[in-house]
Protein chains: 2
Amino acid sequence: MAEALSLNRFRVVLSRPGIPGNIGAAARALKTMGLSRLYLVNPKHFPHPEAESRASGAVDVLANATVCNSLEEALTGVSMAAAFTARRRELSLPMQWAREAAGTLCEAANQGGDVALVFGNETYGLSNEELAICQLPVMIPANPEYSSLNLGAAVQLMCYELRMAAVAPGEAPASFGELATVDEVEQMIGHFQQTMTASGFFNPDNPKRLLPRLRRMFGRIRLERDEVNILRGMLNSFQFPERFRKPD
Amino acid sequence: MAEALSLNRFRVVLSRPGIPGNIGAAARALKTMGLSRLYLVNPKHFPHPEAESRASGAVDVLANATVCNSLEEALTGVSMAAAFTARRRELSLPMQWAREAAGTLCEAANQGGDVALVFGNETYGLSNEELAICQLPVMIPANPEYSSLNLGAAVQLMCYELRMAAVAPGEAPASFGELATVDEVEQMIGHFQQTMTASGFFNPDNPKRLLPRLRRMFGRIRLERDEVNILRGMLNSFQFPERFRKPD
């Protein structure tokens with residue numbers, strides 16, 4: 001399965017997470033986006049019931065998490081590590097926004113190495129030493145007046161961007177009904193014209209903008225075939241009520 | 001401010017939220033992405049200390065939240081409402097994925113009306129009745145084997161997509177140092193060649209792939225001017241060590 005191959009190359013590394021709930025939220029974020037490999041560097045509390053509660057159906061990701069004593073250990077075997085930073089600090093490397101970074105990281109993963117997303121402590125972020133061993137500083141676009149995303153939310157966003165870059169989302173599910181074709185809609189417009197002419201509402205010698213406006217309105221609502229049939233039945237009933245009225 | 005104008009047209013509506021922490025997480029998600037208008041339809045517990053705790057620096061969004069008795073009330077004055085659904089249920093309207101929907105919703109907001117993002121209860125989602133009064137069903141691409149995003153995480157993702165659609169993220173912050181120009185890098189390569197020729201490492205009559213490989217390597221790391229100067233100083237020291245050695 002192409003999807004698993006690509007997304008399984010990604011590790012999500014939380015360095016010194018302080019709040020157990022955020023570890024659980026991160027696990028859930030990974031799994032919803034098809035990732036599975038969580039690394040925890042010196043977590044303050046782990047395992048913890050609050051992590052399990054927030055992980056919900058992703059407790060398997062928690063159970064399989066790798067606990068490390070240093071960021072270096074968590075990055076063993078990694079060919080590219082992205083460091084998430086909220087502050088516009090002095091960076092020694094060019095930074096990328098999350099969406100662009102997702103493309104860069106998927107390319108790296110496709111070249112065969114493991115790729116890591118590294119997130120720092122909730123309060124302090126990543127240290128300068130941690131930043132220095134990562135190759136790609138990444139920022140998530142945010143409100144400049146309040147850019148403090150929750151750790152689990154930041155992990156969710158970036159895993160989503162990776163999924164969007166790595167996996168085609170597939171066809172939008174078909175709407176319940178089949179859409180009407182252009183000619184069916186046009187025949188219906190003709191039916192409206194005929195009926196409105198008969199009723200006196202439409203004057204072919206002075207048409208104004210009536211037909212274009214009908215066309216515009218129905219064009220916007222992407223009519224289904226069943227709806228066209230309903231509308232035409234309704235028009236028929238206006239034009240020939242005697243055919244529709246029930247005998248007393 | 002163009003940004004505020006557009007994003008302030010959006011309401012985020014949580015229908016029957018059951019977990020107070022999720023209300024707080026949603027408030028924080030809104031504010032980090034520059035949105036501010038939170039509507040709560042029959043929240044199970046509100047206000048609640050857990051909501052305030054999870055809202056962190058977005059308690060103002062919580063304090064200004066509008067509590068309603070029905071979804072209809074929350075949608076008063078709204079020209080387009082997007083309904084978030086995780087299941088591929090039978091939809092009476094064509095569905096859009098989150099990213100495409102963000103574009104559709106920003107267009108609607110730019111036409112002047114208010115636009116709503118409607119999220120259902122954590123366990124049950126939106127009812128069929130609630131879905132029916134929204135114009136646009138939206139799904140977030142997710143792992144088909146576990147697509148259950150946390151409510152706050154789903155709000156975060158969609159607010160992010162709206163921000164990405166509505167606000168240019170701005171220039172990537174400049175890297176710490178000024179980048180070297182192409183000619184500065186070429187002069188440095190020439191300096192390498194000269195020094196390596198003098199040292200005997202490079203044979204101009206049999207150059208092999210040495211210079212192209214150096215160029216490729218330095219091309220990949222986007223050298224800064226200071227780094228070029230450091231490297232050239234180092235080359236000088238190799239070529240003319242007598243100029244660099246301190247007198248004993």
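Bear in mind the structure is a predicted one, so any value in this text is a computation, not a measurement. Chain A is the first sequence line, chain B the second, and so forth, proteins listed ahead of strands; every chain is numbered from 1.
- Heavy-atom distances place no part of A:L35 under 4.5 Å from chain B, backbone and side chain included.
- Across all their heavy atoms, B:M33 and A:P141 have their closest contact at CE-O, 3.3 Å.
- Residue contact with chain B, scored on non-hydrogen atoms closer than 4.5 Å, involves the backbone and the side chain of A:A58 alike.
- Taken from CG in A:L30 to OH in B:Y146, the straight-line distance is 11.5 Å, to the nearest 0.5 Å.
- The nearest pair of heavy atoms linking B:A142 to A:R163 is O-NH2, 3.3 Å.
- Of the two parts of A:R54, only the side chain, counted from C-beta on, holds a non-hydrogen atom closer than 4.5 Å to a non-hydrogen atom of chain B.
- B:R28 contributes a side-chain N or O that, together with a main-chain N or O of A:S148, makes up a donor-acceptor pair within less than 3.5 Å.
- Proximity of a side-chain donor or acceptor of A:N143 to a complementary backbone N or O of B:K31 within less than 3.5 Å is detected.
- Of the listed residues (A:A153, A:G57, A:A98), the one with the most heavy-atom contacts under 4.5 Å to chain B is A:G57.
- With rounding to the nearest 0.5 angstrom, the CZ atom of A:R99 is 4.0 Å from the CE atom of B:M164.
- One distance of note links OG1 of A:T32 with CG of B:L149; it measures 4.0 Å at 0.5 Å rounding.
- Residues A:Y160 and B:E161 have side chains that bring a donor and an acceptor to within less than 3.5 angstrom of each other.
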